[in-house]
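A quick note: this is a predicted structure, and the numbers were derived from the prediction, not measured. Residue numbers begin at 1 in each chain, while the letters A, B, ... track the order of the sequences.
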There are 2 protein chains.
Amino acid sequence: MRAALGLAASYPATVSAQTLADAQGMPRKFLEAVLADLRRAGLVQGVRGAEGGYLLRQPPDQITVGSVLRAVDGPLAGVRGMRPEETAYEGTAAHLSELWVAVRSAVRGVVDEVTLAQLVSGRLPARVRKLTATPDAWLPR
Amino acid sequence: MRAALGLAASYPATVSAQTLADAQGMPRKFLEAVLADLRRAGLVQGVRGAEGGYLLRQPPDQITVGSVLRAVDGPLAGVRGMRPEETAYEGTAAHLSELWVAVRSAVRGVVDEVTLAQLVSGRLPARVRKLTATPDAWLPR
DNA sequence: ATCGTTCCTATTGAACAGGTAGGGAATATC
DNA sequence: GATATTCCCTACCTGTTCAATAGGAACGAT
């Protein structure tokens, strides 16, 4: 996410991995591995050579947080290695799949509605800001 | 979750680990490890001896899915080993913490609202059922 | 030709998930 | 009191993932 946000802030200019790494205080080589994931997912384009770097392939207001997370972490919600709708349970646990689907749906409601542009500017959608509004949301539990 | 649901369905009778394991098709020893977590969290009570077993310490309609998940998996939403509100980011990534808190809040909205009793009966709260209602919710993405 | 880049492959170390194994401690029933 | 049942404790194993490290080949602007 930090890599994607760095690129979003400079869009459409290219940014080198080194610059990005320095800005976020992380190893360049580690960042390169993440950027490779983003590139393979088609979110980012690499430009080789001096004055090269990386840039987003779409404007920051058209890339969702969800697509970034899926690019690097795979499917959002996994249950014992399976996707929620692939799970099946016996007897008293029969309705568990519905629960997992509901959880995934709730997560999607956040990450698929927030764009990189919104996150850089801090202007999150009203529905999302509502989730962070109650003081309870910031407390452990 | 399967262990908790098995106990909820038989509440307030005790159920042996072996019975529970057979019903859900999982190794008894593995199940015992899970039940130990639930016991240490105060959700479950063990009764030793012949005719012993495990039982919930509260009625199934007073135990939430969230408390079960936290008992065995620890905090619901972790970001690089930290809780969402403990994260801090530099520069363009500054607003990331709000995103993580929103995600956790969305998850809590499901797991802290659903009880074991509801899950056994399949009667999930309206707000939760709404999340599973759209056909999209059951599709990968 | 040279320098700054991306890009590829391989490796490490620590932590975790899921599962295995043996045996001690408690208790109901006979 | 013996016995069977069951919880409970400690330790171990194996594979996978996460985060990071390392070296160097391919590429492109100057």
Side-chain angles (χ1 to χ4, degrees), chain A residues 1-4 6-7 10 13-57 68-82 87 89 100, chain B residues 1-4 6-7 10 13-57 68-82 87 89 100:
Chain A
M1 283 307 306
R2 287 186 276 167
L7 295 180
S10 300
T14 73
V15 185
S16 78
Q18 189 64 65
T19 304
L20 227 40
D22 291 345
Q24 290 294 329
M26 60 175 89
R28 189 190 98 240
K29 282 296 199 181
F30 172 58
L31 183 59
E32 281 184 11
V34 174
L35 287 165
D37 284 335
L38 296 178
R39 183 173 47 79
R40 277 186 284 267
L43 292 174
V44 150
Q45 183 182 349
V47 179
R48 294 211 250 196
E51 296 295 296
Y54 294 87
L55 75 154
L56 297 180
R57 298 235 296 196
V68 175
L69 294 181
R70 289 188 188 93
V72 303
D73 282 345
L76 277 186
V79 184
R80 292 170 52 93
M82 287 183 290
T87 60
Y89 299 95
W100 304 141
Chain B
M1 282 307 306
R2 287 187 276 166
L7 295 180
S10 301
T14 73
V15 185
S16 78
Q18 189 63 65
T19 303
L20 226 40
D22 292 344
Q24 291 293 330
M26 60 175 89
R28 189 190 98 241
K29 281 297 198 179
F30 173 57
L31 183 60
E32 281 184 8
V34 174
L35 287 166
D37 284 335
L38 296 179
R39 184 174 47 78
R40 278 186 282 268
L43 292 175
V44 150
Q45 183 182 347
V47 180
R48 295 212 248 197
E51 296 294 297
Y54 294 88
L55 75 153
L56 297 180
R57 299 234 297 196
V68 174
L69 293 180
R70 290 188 188 94
V72 302
D73 283 345
L76 278 186
V79 184
R80 293 169 52 90
M82 286 183 290
T87 61
Y89 299 95
W100 305 141

I need the minimum non-hydrogen distance between B:L20 and B:A3, along with the two atoms involved. CD2-O, 4.0 Å

Please give, in whole Å, the distance from C:dT6 P to A:L55 CG? 11 Å

Please list, by residue number, the residues of residues 35-46 of chain A whose heavy atoms come closer than 4.0 Å to an atom of DNA chain D; answer none if no residue qualifies. none

Using a cutoff of under 3.5 Å, can you pull out all pairs of nitrogen or oxygen atoms linking the protein to nucleotides 15-23 of chain C, with atom names and distances?
residue	atom	partner	partner atom	Å
C:dG22	O6	B:K29	NZ	2.4
C:dG23	O6	B:K29	NZ	3.0

Identify the two heavy atoms, one from A:A17 and one from A:L31, that lie closest to each other, and give their separation to 0.1 Å. O-CD2, 3.3 Å

Looking at B:Y54, I'd like to know whether one of its side-chain N or O atoms comes within less than 4.0 Å of OP1 or OP2 on D:dC8. yes

State which of C:dT6, C:dT27, C:dG4 makes the closest approach to the side chain of A:A50. C:dG4

CD of A:Q24 to CZ of A:F30: how many Å apart, nearest 0.5 Å? 12.0 Å

Anything under 3.5 Å between a protein N or O and an N or O of nucleotides 10-16 of chain D, put it in a table, one pair a line.
none

Just wondering, do A:R39 and A:Q45 contact through their side chains at under 4.5 Å, heavy atoms? no

Output for pair (A:S16 OG, A:D22 CG), nearest 0.5 Å, gives 8.0 Å

Which distance, rounded to the nearest 0.5 Å, do you find between the CE of B:M1 and the CG of B:D73? 11.0 Å

Which value, rounded to the nearest 0.5 Å, describes the distance between A:D37 atom CG and A:E32 atom CD? 12.5 Å

Are the side chains of A:M82 and A:W100 in contact, using a 4.5 Å heavy-atom criterion? no

Expressed in angstrom and rounded to an integer, what is the separation of A:R48 atom CZ from D:dC27 atom C1'? 5 Å

Paired with A:L7, the side-chain contact (heavy atoms from CB on, under 4.5 Å) test is passed by just one of A:L56, A:L43, A:L55, A:T14, namely A:L56

For B:A41 and B:A71 the tightest heavy-atom approach is CB-CB, 3.5 Å

